[in-house]
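Everything below concerns the one structure shown next.
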Amino acid sequence: MTYILDGKKVAKKLKDNLKGEIENLKNKYNRVPGLAVVQVGNVAASSIYVNAKTKAAKEVGINVFDHHLQDNIKQKDLIDLIEQLNYNDEVDGILVQLPLPKTFNEQEILDCITPKKDADGFHPINVGKLSISQKNDENLLIPCTPFGCLLLLRELDVSLAGKNAVIIGRSNIVGKPMAQLLLKESCTVTIVHSKTVEIEKICKSADILVAAIGKPELVKEDWVKDGAIIIDVGINRVQINQQKSKIVGDVNFEEVKRKAFAISPVPGGVGPMTIACLLRNTFISCKKKLLV
Ligand code: GUN
């Protein structure tokens, strides 16, 4: 029987715990965490993610400061907003939903978020801390999707040390931080990407395969070793017919499920974990501030 990594269930457990911790914080310090959510423009997928993040934050008792801006605003206007949020005492976490419209210099924007309030863990200081920190450093602000993947892997109660981990995709949001996290777990880590030669063969050597490349159902049965653990980060909308579309991952779930020891579904796998980890980061930032 293949183990299905139920992200909804694991994320609910995390959110329930956080809700309790936020309640304790409120009783002790009369203060709840605040998360500023910044969206520029109206890309449909971004609106869906932002709404889901906002709803989940409110459910656990986080205050949400919503900043939805027109896509004709200037780089400077967005930087000014971030600087205000950096100094706002009620804001513990700042999230700028990516991608930004092409007219923006994304990295310059991410660099402006004070590292202490970097709810996504994308600031160079936090990226650097992730690469040099010890395993299980509770205070790190870790990029939400790869950390969510790691928490799903930990659900399996399988030792990760020494496993061959292959990550498909080299993005700053998922692929690279995922590699850092799995390296800390003592996995032997390989990143493959669009220019990799013999990508299928490398994937087939994986004990743990993390697919984060944004190509619908790229990973087929014959890409996967018997008994592998498969984490699917992809969220791709595909057209079924003229009226209907559906969401699929980067892995052909039905095919690969037959071979895998464990697999995360799409939807209901990594997606809910990303959101839960964002809430965790906001809580950590708030707690660190209150404890100094
Ligand atoms: N766009 C896709 N994933 C993410 C994420 O984890 N954080 C932000 N801010 N934007 C994203």
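Counting starts at 1 for both ligands and their atoms, in listed order. Worth saying up front: this structure is predicted, and the values here are computed from it rather than measured.
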Item to check | Nearest-0.5 Å distance, CG of residue L5 to CG of residue L152 | outcome: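 Spacing of CG (L5) from CG (L152) equals 5.5 Å.
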Next on the checklist: Does K184 form a side chain to side chain donor-acceptor pair (under 3.5 Å) with S133? I'd like the steps, not just the answer.
Outcome noted: CA-CA 9 Å; K184 260 196 246 292; S133 63; 2.9 Å; yes
Under 3.5 Å, side-chain donor or acceptor atoms of residues 263-273 against the rest of the protein: list the pairs with distances, not counting sequence neighbours.
residue : atom : partner : partner atom : Å
S264    : OG   : D232    : N            : 2.9

Item to check | Amino acids contacting ligand 1, non-hydrogen cut-off under 4.0 Å | outcome: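 Within 4.0 Å of ligand 1, the protein residues are K53, L95, V96, Q97, L98, D120, F122.
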Checklist entry - side chain to side chain donor-acceptor pair (under 3.5 Å) with Q75: which residues, sequence neighbours excluded? => result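 Here the qualifying residues are E108.
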Could you go through residues 55-63 and list every donor-acceptor pair under 3.5 Å that involves a side-chain atom there, pairing it with any protein atom two or more places apart or in another chain?
residue : atom : partner : partner atom : Å
K55     : NZ   : E59     : OE2          : 3.3

Checklist entry - Does a side-chain heavy-atom distance below 4.5 Å link C144 with N281? => result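 In contact.
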